Amino acid sequence: MFGEIKGLNEECGIVGIWGHKEAASLAYIALHTLQHRGQEGAGIVVKSGNKLIQHRGLGLVSEVFSKEKIDKLEGNSAIGHVRYTTAGHNEIANVQPFLFHFAHGSLAMCHNGNLINATTLRKQLEEEGSIFHSSSDTEVLAHLITKSNKKTLIEKIKEAFSMLKGGFAFIVFTQNEMIAALDPNGFRPLSIGKLRDSYIIASETCVFDTIGADFIRDVSPGEIVIINNDGIKIERYTNDTELAICSMEFIYFARPDSNIYGVNIHTARKNMGKALAKEEKIKADVVCGVPDSGISAAIGYAEESKIPYEIGLIKNRYVARTFIQPSNELREQGVKMKLSAVRGVVEGKSVVVVDDSIVRGITSKRIVNLLREAGAKEVHFKVSSPPLMYPCFYGIDIQTTRELIAYDHSIEEIRELIGADSLQFISQDGLINSINLPFSNKYKGLCMAYFNGDYPTALYDYEKEMKDKFKTC
Ligand code: AMP
C-alpha cells in the first residue's frame with residue numbers, strides 16, 4: 001500500500017500556450033520559471049501543423065532542452081511540464097507531457113497533483129483491457145477520455161474529469177484545442193493569461209510576468225477552460241465544488257512573486273512571520289531566514305518584532321545536484337556547501353531563525369548546528385507552518401506520517417531533537433489569517449489537512465486503510 005501512494009504524489013508545474021509562433025520558446029521560458037515546482041524531468045509538446053510533436057527528458061529544463069531541440073519544436077501552440085518525482089519513480093516513461101496517438105488523432109496531456117482514486121480507476125481500466133505505459137495518474141485520464149461513449153471531445157473530457165477524485169490541474173492538448181481543468185476543490189493553483197492574441201495557462205502567475213503576458217484570472221474549482229482558434233470559453237464539468245487550495249503552496253511551494261486568488265505569496269509569508277512574532281514574544285539580537293523559503297517570513301518577523309533582520313545564512317545556488325560524496329566526512333561537508341552561517345552576523349548573538357516548515361527535522365537540526373558552530377549564543381527556531389502531522393493525498397510530497405516528526409513528538413521533544421533553545425510553530429488561525437484568502441468558506445478556502453487531518457474529500461476505502469496504516473507506522 002505504501003508503494004502505491006508513494007508513486008502517485010507529484011508536485012509539478014504545467015503550462016499551455018495557444019496561438020503564438022514561438023510557442024516552444026515561450027513554453028521553455030515558462031518551464032524555467034516553474035523550475036522550483038519540479039527538477040527531475042521536463043517536456044514540451046507542440047502543435048506543428050496538424051501534428052503533435054514532443055521532446056522530454058530527465059533533469060532540469062536547461063539540461064533537457066538545447067537551442068537546437070527548441071528550434072525543432074516548431075509550432076504555434078505548446079504545452080509543457082516540469083516534474084518532481086518521489087524516489088524510485090524517476091524514469092523517462094513518467095516524464096510529461098504524455099502524447100497518445102489514436103485512430104482519430106493525437107492527444108497530449110500533462111498534470112499537476114494527485115488522484116486519490118487512480119489505483120481503483122486503473123484497475124478497472126486494466127480489467128477492461130487498457131494497457132498502461134507509465135505509473136503516472138495522467139495516463140488514467142487518457143484512457144478514460146478515449147473509452148468515453150460521449151460524442152464530442154469536450155463531452156468525453158468532461159465525463160472523464162467527473163470520474164476523477166483528488167487534486168489535479170490538467171492540460172489536455174489536441175490539434176484543435178487546448179483544454180485545462182481544475183479539481184472540484186481547486187487544490188492546485190492554475191491561472192489564465194493573455195499575451196496579445198495568445199492565451200496562456202500556467203501553474204503560477206510568475207510565468208505571465210516572465211513572458212510579458214497579462215493575468216486574466218485564476219481557474220476556479222470544477223472549471224474547464226477551452227481555448228481554440230475561436231478564442232476562450234470557460235465551462236464547468238461539475239457544480240459540486242468547494243475551494244480548499246493547498247496551504248503548502250502559500251507556505252513553501254509557490255514562488256514569492258506569484259499571486260493565488262489575488263494573494264501575493266511573499267506578502268502572505270511576511271504576514272506569517274508577523275503572526276509568529278505576535279503569537280509569542282521573545283528577546284533576541286537578530287532575525288534571519290532560511291534561504292529561500294524562510295526569507296519572506298523572516299522579514300515579516302523582524303518588521304513586527306522590531307528585531308533587526310540580517311543575512312545569517314547563505315545558500316550556494318551552484319551546488320551540483322549529483323555531487324559525488326566519497327566519504328561520510330565529505331558528505332557532512334556537502335551540507336555546508338549548500339548552506340553556511342555568516343559568522344560575522346551570528347557570533348555571540350541570540351538568533352531568531354525562521355523556516356517555512358519542519359518535515360522530518362533533519363534540515364532544522366543542521367541549521368541549528370550551523371548557527372551554533374558559527375558562534376550563535378542562542379538559537380530560537382520559528383516555523384511559519386503549524387506542525388505537519390498528516391500526509392497529503394493531493395499532490396504535495398508529504399506522504400507518510402512516519403516521515404513527520406510532529407506526528408509522534410511534542411513541540412518540546414522536537415525542540416530537544418533539533419537542539420534549539422526555543423521552538424515555535426505558527427497557529428492554524430494565524431496561518432489562515434496571514435494568507436487571508438477572500439473567501440468565507442471553511443478555513444477561508446484553504447486545505448489544512450496536513451495540520452489537522454481534516455481532508456476536504458471523502459477518502460475511499462483503500463485510502464482510509466492507508467491513512468490508518470500511516471497513523472500506526
Ligand atoms: P526536513 O529536513 O525533512 O525537516 O525538511 C524541512 C525542509 O524541507 C524545509 O526547509 C522546507 O523548506 C522543505 N520542505 C517542506 N515541504 C517540502 C516538500 N513537500 N518537498 C520538499 N521539501 C519540502
Side-chain angles (χ1 to χ4, degrees), residues 5-6 8-13 34-40 82-87 89-90 112-114 167 187-189 203 246-256 265-266 269 272-273 276 288-298 312-315 317 319 321 331-332 334-335 338-339 341 353-371 379 381-409 411 413-420 423 425-426 431 447-451:
I5 197 158
K6 270 182 191 290
L8 299 174
N9 249 348
E10 294 179 19
E11 302 169 50
C12 301
L34 295 174
Q35 188 78 83
H36 60 287
R37 299 186 71 88
Q39 296 93 46
E40 313 294 329
V82 281
R83 179 156 200 266
Y84 174 106
T85 336
T86 51
H89 282 76
N90 193 25
N112 168 213
N114 183 45
F187 286 110
R188 312 260 65 93
S203 289
C246 172
S247 46
M248 285 307 281
E249 290 280 351
F250 293 90
I251 292 165
Y252 160 78
F253 209 38
R255 248 173 65 150
I265 301 297
H266 165 73
R269 289 182 188 160
M272 294 171 207
L276 275 167
C288 60
V290 178
D292 294 315
S293 50
I295 300 288
S296 301
L313 290 162
I314 299 277
K315 184 175 169 183
R317 279 156 226 280
V319 176
R321 290 184 317 131
R331 196 165 295 136
E332 200 42 48
V335 175
K338 210 166 162 186
L339 204 63
V353 60
V354 186
D355 201 0
D356 63 279
S357 56
I358 295 182
V359 183
R360 290 155 303 165
I362 296 165
T363 311
S364 31
K365 188 174 177 176
R366 281 180 184 153
I367 287 164
V368 173
N369 253 338
L370 279 177
L371 290 167
V379 180
F381 212 96
K382 308 283 175 187
V383 188
S384 59
S385 64
L388 285 162
M389 294 170 67
Y390 297 89
C392 172
F393 295 102
Y394 313 117
I396 284 284
D397 183 20
I398 297 171
Q399 296 166 47
T400 65
T401 46
R402 190 176 36 184
E403 296 172 338
L404 303 171
I405 192 171
Y407 184 74
D408 51 2
H409 292 89
I411 294 177
E413 283 168 344
I414 303 171
R415 181 202 65 72
E416 207 175 319
L417 282 168
I418 68 170
L423 171 64
F425 291 86
I426 195 171
L431 174 69
C447 174
M448 297 285 286
Y450 340 94
F451 316 120

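Small disclaimer: the values here were computed from a predicted structure and weren't measured. Order of listing sets the numbers, starting from 1, for every ligand and every atom in it.
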For this session: Output, in order, the C-alpha distance, side-chain angles, deciding distance and verdict of side chain to side chain contact (heavy atoms under 4.5 Å, CB included) for Ser385 and Asp356.
Result: CA-CA 6 Å; Ser385 64; Asp356 63 279; 6.0 Å; no

For this session: Please identify which atoms of ligand 1 are closer than 4.0 Å to at least one heavy atom of Ile362.
Result: 1 (P), 2 (O), 4 (O)

Problem set entry | ligand 1 atoms in contact with Tyr84 (distance to a heavy atom under 4.0 Å) | 20 (N), 21 (C)

For this session: Report, in ascending order of atom number, the atoms of ligand 1 lying under 4.0 Å from any heavy atom of Ser357.
Result: 6 (C), 9 (C), 11 (C), 14 (N), 15 (C), 16 (N)

Problem set entry | Over all atoms of both residues, closest heavy-atom pair of Ile411 and Leu423 | O-CD2, 3.6 Å

Exercise. Side-chain contact, heavy-atom cut-off 4.5 Å: Leu431 with Phe250?
Worked result: no

Exercise. In ligand 1, which numbered atoms sit nearer than 4.0 Å to a non-hydrogen atom of Gly361?
Worked result: 1 (P), 3 (O), 4 (O)

Exercise. Is Asp356 in polar range of ligand 1, meaning some N or O pair under 3.5 Å apart?
Worked result: yes

Exercise. How does Asp355 reach ligand 1, if at all, at less than 4.0 Å between non-hydrogen atoms: by side chain, backbone, both, or neither?
Worked result: side chain

Exercise. With a cut-off of 4.0 Å, which atoms of ligand 1 are near a heavy atom of Ile358?
Worked result: 4 (O)

For this session: With sequence neighbours left out, write down each residue that passes side chain to side chain donor-acceptor pair (under 3.5 Å) with Ser296, or none if nothing qualifies.
Result: His266

Exercise. Are any side-chain N or O atoms of Arg83 and backbone N or O atoms of Gln39, one a donor and one an acceptor, separated by less than 3.5 Å?
Worked result: no

Exercise. Atoms of ligand 1 less than 4.0 Å from Ser293 heavy atoms?
Worked result: 12 (O)

Exercise. Short N/O distance, under 3.5 Å, between Met248 and ligand 1?
Worked result: no

Problem set entry | side chain to side chain donor-acceptor pair (under 3.5 Å) partners for Asn369, two or more places apart | none

Seminar exercise, completed: Contact region, Val359 to ligand 1, non-hydrogen atoms below 4.0 Å, reads both

Problem set entry | Whether Tyr84 and Phe253 hold their rings parallel, tilted or perpendicular, with breakpoints at 30° and 60° | perpendicular

